[in-house]
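Here is the structure we will look at, set down as structure tokens.
Fair warning: this is a prediction, and the values are worked out from it, not measured in the lab. We name chains A, B, ... by the order of the sequence lines, and we start the count at 1 in each one.
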2 protein chains.
Amino acid sequence: MEKQTITIYDVAREAAVSMATVSRVVNGNPNVKPATRKKVLEVIDKLDYRPNAVARGLASKKTTTVGVIIPDVTNIYFSSLARGIDDVASMYKYNIILANSDSNEQKEVQVLNTLLAKQVDGIIYMGNSISDYFREQVKRTKTPVVIAGSIDDKEELESVHIDFTAAFEEAVSELIHRGNKKIAFVSGPLSQPINGKYRLQGYKNALAKNNIEFDQDLVFETDYSSHAGEILWPALSSSNAQAAIVGDDELAIGVLNGAKDAGVNVPDEFEVITSNNTRITEMSRPKLSSITQPLYDIGAVAMRFLTKMMNEEEIDEKTVNLPFGYIKRGTTK
Amino acid sequence: MEKQTITIYDVAREAAVSMATVSRVVNGNPNVKPATRKKVLEVIDKLDYRPNAVARGLASKKTTTVGVIIPDVTNIYFSSLARGIDDVASMYKYNIILANSDSNEQKEVQVLNTLLAKQVDGIIYMGNSISDYFREQVKRTKTPVVIAGSIDDKEELESVHIDFTAAFEEAVSELIHRGNKKIAFVSGPLSQPINGKYRLQGYKNALAKNNIEFDQDLVFETDYSSHAGEILWPALSSSNAQAAIVGDDELAIGVLNGAKDAGVNVPDEFEVITSNNTRITEMSRPKLSSITQPLYDIGAVAMRFLTKMMNEEEIDEKTVNLPFGYIKRGTTK
DNA sequence: ATGAAAGCGCTAACAT
DNA sequence: ATGTTAGCGCTTTCAT
């Protein structure tokens, strides 16, 4: 014999009121006489009634859940954002459907569609390149979408992030001012605008301001992994680079370790600055100097932004730029 | 003018069939004449119809979403499990509602309740201690729950993990056989059964088998963070420990770095073995020797296990123990 | 302040 | 192979 799920109808009958009244007390509608409210609440407690969020979602056309597309939960840059997202989401009574995309266009679009099918009230997208197809899908839906921790190079979608160009310009200037002329630019795929467009531009800006000629041979494109960084050393070494600015912390710790393994003294013989200031930066010896970004806040603000869109509040700016900084640790002199 | 959402009724009318038939083709029911199916599919495509999963959930009492309770997404041990969970979930057409609990009993129970309100088909719990209250709630619901990566010391709930006792026993034996007599046991809260019961037991077993007396002063209880490990060195040093077995990788990298910062040569003067073999183990120098566990698989198997429970298939064992191992890297001689 | 009743968009018997 | 028809459990006008 199946355990009978108890519904709003059951409590209405038991409390001798209508379903509408029960609904009102459950939803905190003030138009209920205190005595009635009390009685209903007692019955709810007695019957151990739990509102069915699915039924509510169907009737109200709001699910109080938002979709979150992430390249890989295991990546601490993105998981840090995700943490900020979830915290603000629960603050506003939302839940999160988390889906890994592996930065794969197909998966991203497919995930987007199942998220929409599930009637999420909004979506946060994390990932470093927005494909045209994805963009089209987003533009066709009325479900709000915001991008967290990356940038839409077409500037069509709402997003929250730091100014990657300015941050790189500042970090590279730092390196230059300490006497380095040959500075390697190390990042993930240049096809991702965050690398090939914004960060690289910042790098070039710093060189230009200091009258250093840009050298394509100092640009290293690889994977976002510490292993990729480790095996990069021979190439880095033969380029005669004196320092490196690296676009990802795991990659950077790999670069650092690759150099150390080759007997290089960091920072005396080679300096490195990384980009995300995740906990990883504190795990190496020497510790990694880094551009700082408010990772948790980027997620938090993105989620807050999304709540505004879901409530159809006025949005002043499509893009919110959060402040970045720089922290000197042991990998710079 | 609001954009009209198109429903199953619209495609039924347009295709000149009944809603039931449309439902059948959408759900892949074979009882549809090929010609009819084709026609319906065309209309679906033409109208750009997307089934409403919420309505489907209400009617079918299945949401194809499972809840995942995680202490902190930012923790790579748990996020690695989460990745396995999500991959298997999508394989079976499920989505994941991810909720951070901070290992806080209140939040865990609250999250459990909202998950149940959202009518998830199943739940995966990650966390190192199952409170009585949580356990009671779980036992009252018919929604299946499985624990991933930790152990229910009351052995009432289904779970997937390695044999923590045997793994610690093996790792500590390793340390003993290499000549260490005074071995520190470093872990998170001993109130968590995984530490205070299972791992500690393994540690004691290894000592006993080698006729070494257990010394309470060699047991160090702290937080799961690299910083906690770093500042542990003075205490570790004055205990005259010659080696340490550490229950968490971030904590272990902290212990390693604390020792190095104090001028200690690892592994010559001090050896360390960690427990989870996450990517963190490859980021230090020397790299961390570690107990190995199939993290991704633990998540994957837990999710697979859950699908069986959701389908009400027969389950032979409540507990599935996955194999562990040991990998020697640079922090052991 | 409360109730009646019509959906929300779909599935699942049941009938044909 | 296809159609009819109840619901699923709730919210939301609209009355009163």
Could you tell me the separation between the OG atom of B:Ser129 and the CG atom of B:Asp153, rounded to the nearest 0.5 Å? 9.0 Å
Choosing from C:dC8, D:dT2, D:dC10, which nucleotide comes nearest the side chain of A:Pro51? D:dC10
Take the protein atom CE of B:Met19 and the nucleotide atom C1' of C:dC14, then report the distance between them rounded to whole Å. 15 Å
Quick check: are there more than 12 heavy atoms from other residues, nucleotides or ligands sitting under 6.0 Å from CD of A:Glu156? yes
Let me know the distance between CD1 of B:Ile44 and P of C:dC10, rounded to the nearest Å. 10 Å
Taking the side chain of A:Val17 as its heavy atoms from C-beta onward, which of C:dG3, D:dG7, D:dC10 lies nearest to it? C:dG3
Residue A:Glu317 excluded, over 12 heavy atoms near CD under 6.0 Å: no
What's the closest nucleotide to the side chain of B:Ser60 if the choices are C:dA12, D:dC10, C:dG9? C:dA12
Nearest to the side chain of A:Ser18, heavy atoms from C-beta on, is which of D:dG9, C:dC10, C:dA4? C:dA4
Whole-Å distance between C:dA5 P and A:Tyr9 OH? 12 Å
Does a nitrogen or oxygen in the side chain of B:Thr36 sit under 4.0 Å from OP1 or OP2 of D:dT2? yes
A:Arg50 (side chain) and D:dG9 (base): donor-acceptor pair under 3.5 Å: no
Using whole Å, what does the distance between atom P of nucleotide C:dC10 and atom CD of B:Gln119 come to? 19 Å
I would like to know whether B:Lys93 and A:Thr114 meet side-chain hydrogen bond (donor to acceptor under 3.5 Å, both in side chains); could you show each step before the answer? CA-CA 10 Å; B:Lys93 308 294 182 200; A:Thr114 71; over 6 Å; no
Touch check for B:Thr21, heavy atoms < 4.0 angstrom, all strands: base, sugar-phosphate only, or nothing? sugar-phosphate
NA contact type, A:Asn52, heavy-atom cut-off 4.0 Å: base, sugar-phosphate, or nothing? sugar-phosphate
Could you give the CZ-to-P distance, from B:Arg13 to D:dG3, as a whole number of Å? 15 Å
Taking CZ from B:Arg37 and C1' from D:dA1, how many angstroms apart are they, rounded to a whole number? 11 Å
Distance in angstrom units between B:Asn31 CG and C:dC14 C1', rounded: 14 Å
Of the candidates C:dT11, C:dG9, C:dG3, the side chain of B:Thr7 sits closest to C:dG9
Closest of D:dG3, D:dT12, D:dG7 to the B:Arg24 side chain is D:dG3
Nearest-Å distance for atom pair NZ/C1', residues B:Lys61 and C:dC10: 13 Å
SB check B:Lys318 B:Glu155 (cutoff 4.0 Å): no
From the set C:dT11, C:dG9, C:dA4, return the single nucleotide nearest to any side-chain atom of A:Ala20. C:dA4
Any pair counted as side-chain hydrogen bond (donor to acceptor under 3.5 Å, both in side chains), so long as it reaches residues 68-82 of chain B, sequence neighbours left out: A:Arg83-B:Asp72
Any pair counted as salt bridge (Lys or Arg N to Asp or Glu O under 4.0 Å), so long as it reaches residues 43-58 of chain B, sequence neighbours left out: A:Arg140-B:Asp48, B:Glu14-B:Lys46
Option from B:Thr36, B:Val17, B:Asn29, B:Val40 for which side chain to side chain contact (heavy atoms under 4.5 Å, CB included) with B:Arg24 holds: B:Asn29
Given axes from five pairs at either end, by how many degrees does the helix from C:dA1-D:dT16 to C:dT16-D:dA1 bend, rounded to 10°? 30°
